[in-house]
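The basis for the numbers below is simple: all heavy atoms, side chains too, and nothing from hydrogens, waters or symmetry mates.
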Amino acid sequence: MAQINVREIVLDILLELSGQTEYSNVLIGAALDKYNYLDSREKAFIKRVSEGTIERQIQLDYVLDQYSKTPVIKMKPLIRALLRMSVYQLLFMEHIPASAVCNEAVNLAKKRGFQSLRGYVNGVLRNIARGRGEIAWPDRQSDPLGFLSVCYSMPLWLVTHFAESYGEDACEKILKAFLERGSVSVRVDERLSPKEREELFVSWEKDGVRVRRHPYLSYAAGLQGVSGIPSLAGYREGRFSVQDVSSMLVVEAAGIRPGDTVIDVCAAPGGKALHAAVKLNGSGEVIACDVSSHKTDKIEENRARLGMENVSILVRDAREKDASLVEKADVLLADVPCSGLGVIGHKQDIKYRVTKESLAEIQKLQKEIITNVIDYIKPGGILMYSTCTMNPGENEEMAAWICESFGLEKVSMEDSLPDALGREGKQGMLQLLPGIHETDGFFMAKLRKGKTPVDRKSES
């Protein structure tokens, strides 16, 4: 078998990603599966350099533009990707000799048909290697947002958005959190006793997994050093599932009672719906809906593994009314499609793909969904509106629009959230911010439908 060049694998991932046909986590995962026979150090290198080059792209391009006569935007795609991944190694993987980084890049340029550019690649990289301790970053005092944009590798318009929405101090905490290596968040079955839960945590730790008990919820934990979730003790038995704490908090705040009917209109992969089923403890019913069988199959897979019998799964487009669901829900979960700004730490591509225009477009879809599903709520029932984003237009403003348009009222979540968050949820809304809260970026609003049907106000 021919020797595999791990840097060439990274290069191919970056080139494929440039077509924007798929998210980087999917491409990187597929590559690691394909080359699963490589040793752990080689696979770790592929993952680290691929992910790092993508998340630090703005910063890498800033450096390249200082040292290259050809601007990054005008470079040939292969050379641009090759230089980016090489500069990432020079700046953030100092244990790798600069000579090795430069030589490997030159060899790859030659191998991939750019013999004439070997000298250019070599010159740019060696100059950066010599000057990497003296790079002139934007001035923090005179250009604070430009500094944050480059040094945390976030498009300037998004830095401005976060700073204007939440303040500059919070903005920097958010950007820093996005670049930190996060853990895998899991929800352990609440029906396990504290002793059984602790035994599960200890068994994972014995297998080399670092387990951090979450401060918000006793049944939540963050895992690091996991080689594969399905291999962990308790997975096949349905004793836990992967779910972010922010998503768990939605179900906590909903106030689900035994015997309730809960409808989740955008349910895949099923985290909140299946958590709601746990809250019902075998009573009532959860109806989990999503737009395609591809999505509902994922819900069914998780439902079967967790052994939840009181969950029905339907293929339904949330934009099309199902008459059988009208006034059926005691609690309606609506985790609507959104810009995803709160999960950039997991999907770095989002920050390069989202635009100001797309923020406005997604709000139209959110309004369309809510307008269609609002009738599913019984009089007096609860709507839990949520998004995994940090954008007042999709969050606080949308909650206000729902209340104004359909006569719903905000309900305090103070008594149903952990003590650390309760006061923030007192007004019926909660915006979670990475770096400030110990979750992804996430928004939730708890809204109650009037005791008697109300006339809808048409949207202007």
Exercise. With side-chain contact (heavy atoms from CB on, under 4.5 Å) as the test, would you mind laying out the steps for Q89 and V49 before giving the verdict?
Key: CA-CA 7 Å; Q89 295 168 67; V49 179; 4.2 Å; yes
Under 3.5 Å donor-acceptor, [X] side chain and [Y] backbone:
| X | Y | answer |
| --- | --- | --- |
| Q366 | V336 | no |
| S149 | P155 | no |
| E196 | S193 | yes |
| S405 | I402 | no |
| S283 | G259 | yes |
| K446 | Q427 | no |
| T389 | L341 | yes |
| S247 | Q243 | no |
| S153 | I58 | yes |
| S50 | K47 | no |

Shortest non-hydrogen contact from [X] to [Y]?
| X | Y | result |
| --- | --- | --- |
| G425 | L417 | CA-CD1, 4.2 Å |
| V373 | L332 | O-CD2, 3.6 Å |
| G234 | L200 | CA-CD1, 4.2 Å |

Could you measure the distance from the [atom1] atom of [X] to the [atom2] atom of [Y]? Nearest 0.5 Å is fine.
| X | Y | atom1 | atom2 | value |
| --- | --- | --- | --- | --- |
| L145 | L158 | CG | CG | 12.0 Å |
| L433 | F443 | CG | CZ | 11.5 Å |
| L432 | C388 | CG | SG | 12.0 Å |
| L83 | T53 | CG | OG1 | 11.0 Å |
| I256 | L280 | CD1 | CG | 6.0 Å |
| K356 | L359 | NZ | CG | 9.5 Å |

_Pair listing, salt bridge (Lys or Arg N to Asp or Glu O under 4.0 Å) test, anchored in residues 281-302, at least two apart_ =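 Pairs touching residues 281-302 that pass the test: E300-R303.
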- Item | salt bridge (Lys or Arg N to Asp or Glu O under 4.0 Å): pairs with one or both residues in residues 148-171, sequence neighbours excluded |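 Residue pairs with at least one partner in residues 148-171: there are none.
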Practice item. Kindly state whether the ring of Y152 and the ring of F178 have centres lying under 6.0 angstrom apart. Key: no
Heavy-atom side-chain contact between [X] and [Y] under 4.5 Å:
| X | Y | value |
| --- | --- | --- |
| E327 | P379 | yes |
| I362 | N391 | no |
| V262 | D264 | no |
| V245 | F442 | no |
| L447 | I382 | no |
| L60 | L91 | yes |
| L14 | E16 | no |
| I374 | T371 | no |

Exercise for review: Apply the test ring-ring contact (aromatic ring centres under 6.0 Å, His included) to residues F162 and W157: give CA-CA distance (whole Å), side-chain angles for both, the deciding distance (0.1 Å), then the verdict.
Suggested key: CA-CA 9 Å; F162 292 140; W157 79 268; 8.5 Å; no
Residue set satisfying side-chain hydrogen bond (donor to acceptor under 3.5 Å, both in side chains) with E414, at least two apart, ordered chain then number -> none
* Could you go step by step and tell me if Y376 and I287 meet the side-chain contact (heavy atoms from CB on, under 4.5 Å) rule? -> CA-CA 11 Å; Y376 296 172; I287 302 172; over 6 Å; no
[X]/[Y] ion pair, N-O < 4.0 Å:
| X | Y | value |
| --- | --- | --- |
| D330 | K378 | yes |
| R197 | E190 | no |
| E252 | K279 | yes |
| D189 | R191 | yes |

May I ask you to check whether [X] and [Y] show a side-chain donor-acceptor distance below 3.5 Å?
| X | Y | answer |
| --- | --- | --- |
| Q348 | E51 | no |
| D440 | H346 | yes |
| T387 | N395 | yes |
| E394 | S339 | yes |

Here the side-chain hydrogen bond (donor to acceptor under 3.5 Å, both in side chains) pairs for residues 201-216, sequence neighbours left out, are E198-R213, E205-R213, R212-E438
Item to check | Under the side chain to side chain contact (heavy atoms under 4.5 Å, CB included) test, residues paired with R316 that sit two or more places apart | outcome: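 Result, side chain to side chain contact (heavy atoms under 4.5 Å, CB included) vs R316: C289, L314, D322.
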request  = List for me each residue that meets side chain to side chain contact (heavy atoms under 4.5 Å, CB included) alongside D317, sequence neighbours excluded, and say none if there are none.
outcome  =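 Partners of D317 under the side chain to side chain contact (heavy atoms under 4.5 Å, CB included) test: V291, R319, E320.
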* Asked: When you measure from the centre of the six-membered ring of Y219, is the NZ or CZ of R187 under 6.0 Å away and within 45° of the axis?
  ->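 No, R187 does not lie over the aromatic ring of Y219.
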Could you tell me whether K410 atom NZ has more than 12 heavy atoms of other residues or ligands within 6.0 Å of it?
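Enclosed.
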| For atom CG of D419, is the number of surrounding heavy atoms from other residues, nucleotides or ligands below 6.0 Å larger than 12? |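 No, not enclosed.
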List the steps and the verdict of side-chain contact (heavy atoms from CB on, under 4.5 Å) for R305 and N302.
CA-CA 5 Å; R305 183 176 62 82; N302 286 318; 3.9 Å; yes
Item to complete: Dump the intermediate steps for side-chain contact (heavy atoms from CB on, under 4.5 Å) on Y88 and R48, then the final yes or no.
Response: CA-CA 10 Å; Y88 177 79; R48 169 80 186 276; 2.9 Å; yes
